[in-house]
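We count ligands from 1, going down the list as the structure has it; atoms in each ligand are counted the same way. The figures that follow rest on heavy atoms only: side chains count, while hydrogens, waters and symmetry mates do not.
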Amino acid sequence: MNEIFNIKKVEYEGPTSKNPFAFKYYDPEKVIAGKKMKDHLRFSMAYWHTLCADGTDMFGVGTINKSFGKQEVMEIYKQKVYAAFELMSKLGIEYFCFHDKDIAPEGDSLDEFQSNLDVIVPIIKEQMKKYGIKLLWGTANCFSNPRYMHGASTSCAADSFAYAAAQVKKALEITVELGGTGYVFWGGREGYETLLNTNMGLENDNYARFLKMAVEYGRKIGFKGDFYIEPKPKEPTKHQYDFDTATVLAFLRKYGLEKDFKMNIEANHATLAGHTFEHELYLATINNAFGSVDANQGDCQLGWDTDQFPTNVYETTLAMYRIIKAGGFTNGGLNFDAKARRGSNTYDDLFLSHIAGMDAFALGLINACKLIEDGRLDKFVNERYASYNTGIGADIVSGKATLESLAEYAHTLKGDLIPESGKQEYLESILNSVIFG
Ligand code: XLS
Ligand code: CA
Ligand code: CA
């Protein structure tokens, strides 16, 4: 078969290379902190942005054609599969993620959609085998079609709930068929536009009912991977129920779902929620809920979900710092839920954008390992909390202290109680000195 992209396999050439189609920092086979870089980073391609998004926005039509030279709709979708695997293998990306509707056209009915999927899935399976590429996670798009205008499992319309169930059932079957290690729920329209028309209690209960059904069915058909919830505070709805990691944890615990779900943390969603990417990762890891990552970045001047390729090395460093300190990925990975800008509209840009993102995360990994090895940040934090290791602090941590015993102790304290400086600027300068050497 003829190649679709006139680009050679992208290789590591090192930081001095000026070749745009080479990695400067990502050296997949290089061992760092006991593992190959590629096994730390577990890069994944997002099918929807790379094979489907054509640059259409609310002010204009697409700027890049993603039919890859084909005319007839099923032929286009088959060609997308070949393009996807050629691109991944040339970039050395070993995982991918998809929504049901990214890989096959919906047609005019559920039956037609599912038989289209049945045509495409075997082609994907054959390409996965050919290239040794794996499925990081699957999902169903239950937010684009007008039937989901009021949500899917949180819709006021029970028929929308049922239709979403049929989509998720099939998407789970495909995920199992392709050996996926994850299944994502991103509640695109699981939220509200106005509380004036919303029964929030019923919507939350129904959402939990839906997730329970999915877990039951997934386990029944042999899905052994992780279920993920991907928090996002807003967009497309004014308010999404999966606002951020803390909100999702509270929801899962209320409905007894916390054992079945982990987080798929997206950088840009963290910032939309008013947090940093690092905050969301850290919170997930301390709650044993860290699963996977949608690797991208937002734009702090824009209040929406820009899904840009990650190039900010401070962010990738602090993200990898949290990920490595938590023991790294198990079933998850770094999925580039990112699209080249509308003005970056060539096939070359599909490669250049991934190279930029992969190099930025490789730098993040290198820096994170250096920060851990340097040890000054850890040492500072340990010392900062040393008052809990002995005396009254140890009594608080062990549960021995009571309000009465603490009050009695407090009365014995003399002088001003001024804790030590937090030394933020000093710590920030350590970060710079470790990053820039
Ligand atoms: C949209 C989300 C979406 C999920 C998968 O903002 O990021 O793409 O990752 O449905
Ligand atoms: Ca995402
Ligand atoms: Ca996003």
Side-chain angles (χ1 to χ4, degrees), residues 43-53 56-58 95-103 106 135-145 148 151-154 164 167-168 170-172 174-175 180 182-191 207 210-211 214 226-245 248 261-277 280-281 284 290-300 302-310 312 315 319 332-342 353 357:
F43 288 129
S44 157
M45 180 206 72
Y47 210 98
W48 53 102
H49 287 308
T50 308
L51 284 309
C52 304
T56 300
D57 70 11
M58 59 272 249
Y95 297 87
F96 70 104
C97 299
F98 72 91
H99 301 82
D100 49 0
K101 127 182 200 3
D102 308 331
I103 59 172
E106 286 180 280
L135 176 62
L136 192 71
W137 49 259
T139 190
N141 178 327
C142 298
F143 44 87
S144 294
N145 192 290
Y148 299 125
S153 61
T154 65
Q167 271 188 259
V168 169
K170 182 75 175 171
L172 276 165
I174 296 171
T175 301
Y183 187 88
V184 161
F185 289 88
W186 170 63
R189 294 189 200 271
E190 311 294 30
Y207 185 24
F210 191 91
L211 296 177
D226 290 326
F227 287 97
Y228 303 123
I229 302 255
E230 181 179 324
K232 186 176 184 184
K234 59 188 170 194
E235 197 195 331
T237 51
K238 173 189 167 62
H239 178 97
Q240 278 166 218
Y241 293 132
D242 298 329
F243 195 91
D244 59 4
T245 298
V248 172
F261 285 88
K262 293 182 174 155
M263 302 296 144
N264 182 41
I265 305 285
E266 178 172 322
N268 202 168
H269 297 181
T271 47
L272 283 177
H275 305 307
T276 58
F277 183 20
E280 286 290 86
L281 291 167
F290 170 62
S292 201
V293 168
D294 272 8
N296 62 15
Q297 69 184 32
D299 182 320
C300 65
L302 303 175
W304 62 88
D305 189 16
T306 58
D307 283 346
Q308 288 167 232
F309 270 88
N312 181 324
E315 281 181 16
L334 292 169
N335 172 48
F336 287 115
D337 190 354
K339 54 181 179 254
R341 298 300 82 195
R342 185 169 184 267
S353 54

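Within the 6.0 Å centre-distance limit, the rings of Phe336 and Phe43 are counted as a close aromatic pair. Taking the ring centroids of Phe143 and Tyr148, they lie at or beyond the 6.0 Å cut-off.
With hydrogens and angles left out, the side-chain atoms of Asp100 and Asn141 include no donor and acceptor closer than 3.5 Å. Side-chain contact, Asn296 with Asp337: no donor N or O sits under 3.5 Å from an acceptor N or O.
Here Lys232 does not pair with Asp244 in a salt bridge; the nearest charged N to carboxylate O distance is not below 4.0 Å.
A heavy-atom separation below 4.0 Å is not found between Glu235 and ligand 1. Under a 4.0 Å heavy-atom criterion, Asp337 is in contact with ligand 1.
Of all N, O or S atoms in Asp294, the one lying closest to the Ca ion (ligand 2) is OD2. Considering just the N/O/S atoms of Glu230, the one nearest the Ca ion (ligand 2) carries the name OE2. Closest N/O/S atom of His269 to the Ca ion (ligand 3): NE2. The minimum distance between the Ca ion (ligand 2) and any N, O or S atom of Asp337 involves atom OD2.
Residue Asp299 comes nearest to Gln308 through the heavy atom pair CB-OE1, 3.5 Å, listed as atom of the first residue, atom of the second, then distance.
With ligand atoms numbered from 1 in the order given, ligand 1 contributes 8 (O) to contacts under 4.0 Å with heavy atoms of Trp48. Interface atoms of ligand 1 facing Asp305, defined by a heavy-atom separation under 4.0 Å, are 6 (O). The distance from ligand 1 to the heavy atoms of His99 drops below 4.0 Å at these ligand atoms: 5 (C), 10 (O). Within ligand 1, the atoms closer than 4.0 Å to a non-hydrogen atom of Asp294 are 9 (O), numbered from 1 in the order shown.
The Ca ion (ligand 2) has no N, O or S atom of Asp307 closer than 3.0 Å.
Taking distance alone, with nitrogen or oxygen atoms compared against 3.5 Å, Asp307 stays at or beyond that limit from ligand 1.
Within the 4.0 Å heavy-atom criterion, neither part of Asn141 lies near ligand 1.
When rounded to 10 degrees, the angle formed at the Ca ion (ligand 3) by OD2 (Asp305) and OE2 (Glu266) equals 140°.
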